[in-house]
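As the structure lists them, so they are numbered: ligands from 1, and atoms in each ligand from 1.
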Amino acid sequence: MNARHITLGDFELTSVSDGLYRLDGGAFFGIIPKTLWSKKVQADENNLVPVGLNSIVVRADEKTILIETGIGNKLSEKMQEIYGQPAKLPENLAVAGVSAEEIDIVINSHLHFDHCGWNTVQQGGKIVPAFPKATYYAPEGEWLHGHMPLERDAISYISENYDPLVESGKMKLLRGDQEIVPGVSVKVFPGHTETMQAIILESRGKTACYISDLIPTTAHLGLSWGMAFDLFPVQTIESKKKYYARAVPEKWLTMFTHDPRVPWGYVEKDKRGKMLLEQGR
Ligand SMILES: [Zn+2]
């Protein structure tokens, strides 16, 4: 199940990583005590845990789509000290045989810096699109929120990742659920932020969902296993319930944005109602 390549109906999905970064384990697991989360994830001497940055390339009919663009390479020195800046996406795209020019569409689930960093790069003192032919999509509510200087989460937004694209008309801001191209749509799941969107892929009766920070890793499957970064933690739980109500019985492939090892898998419910990753499928 850890293969980096999977077929979904007529679509080809490839998981590509921007590398690993580090977050405080306590913040990563919200209200869950360390005695519980440390059974699943090993923290280092500074209580930091490794966090993946998983993007997905979708070959869908005529279009090549990139879901999420990691941290990128534009972090300030201060932020690099805190989080690290792996900057592996370009080489991992190359290894997967995907060129920047091939990408027709880029979709960001939300605009936190660890989800849209490679939207743009610096070139000759200017910020330019990293995927020159792509149309970019992100939630309008995220863009508006990113422009509010809120003490709670202003650090999470770096305007160079999206403002130049919005100004040049390359980024389209979405209001709510909609289809981007046939079989590729977005659906808002509030909780982590108000307008964070999942990306849903459907082909020949098969469905996959990039659920982003609603369920960032396989260690976050439990309803109360949210992150301290969630702005609306009670809504995170409601959104997870809504997601599982469809994804489990309909056997959706769930894609995990921050799992350092497992890019995707099928979630199931055991007899006691506990959410688990289905093994050996
Ligand atoms: Zn994130």
Looking at W252, does the NZ or CZ of K206 lie under 6.0 angstrom from its six-membered ring centre and within 45 degrees of the ring axis?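 No, a cation-pi geometry is absent between K206 and W252.
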
Would K187 count as a cation-pi partner of F189, with NZ or CZ less than 6.0 Å from the six-membered ring centre and within 45° of the ring normal?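 Yes; both conditions hold, so K187 lies above the ring face of F189.
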
Kindly confirm whether the Zn ion (ligand 1) is within less than 2.8 Å of some N/O/S atom in H258?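 It does: H258 brings an N, O or S atom closer than 2.8 Å to the Zn ion (ligand 1).
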
Report yes or no: does H112 have an N/O/S atom closer than 2.8 Å to the Zn ion (ligand 1)?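 So H112 does not bind the Zn ion (ligand 1) by this criterion.
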
Any heavy-atom pair between the side chains of L48 and L23 that's under 4.5 Å?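 A side-chain contact under 4.5 Å is absent here.
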
Decide yes or no for F11 and V184: does some side-chain heavy atom of the first lie under 4.5 Å from some side-chain heavy atom of the second?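 A side-chain contact exists here, since the closest heavy-atom pair is under 4.5 Å.
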
Of all N/O/S atoms in D213, the name of the one nearest the Zn ion (ligand 1):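 For D213, the N/O/S atom sitting closest to the Zn ion (ligand 1) is OD2.
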
N, O or S atom within D114 nearest to the Zn ion (ligand 1), by name: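 Atom name of the closest N, O or S in D114: OD2.
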
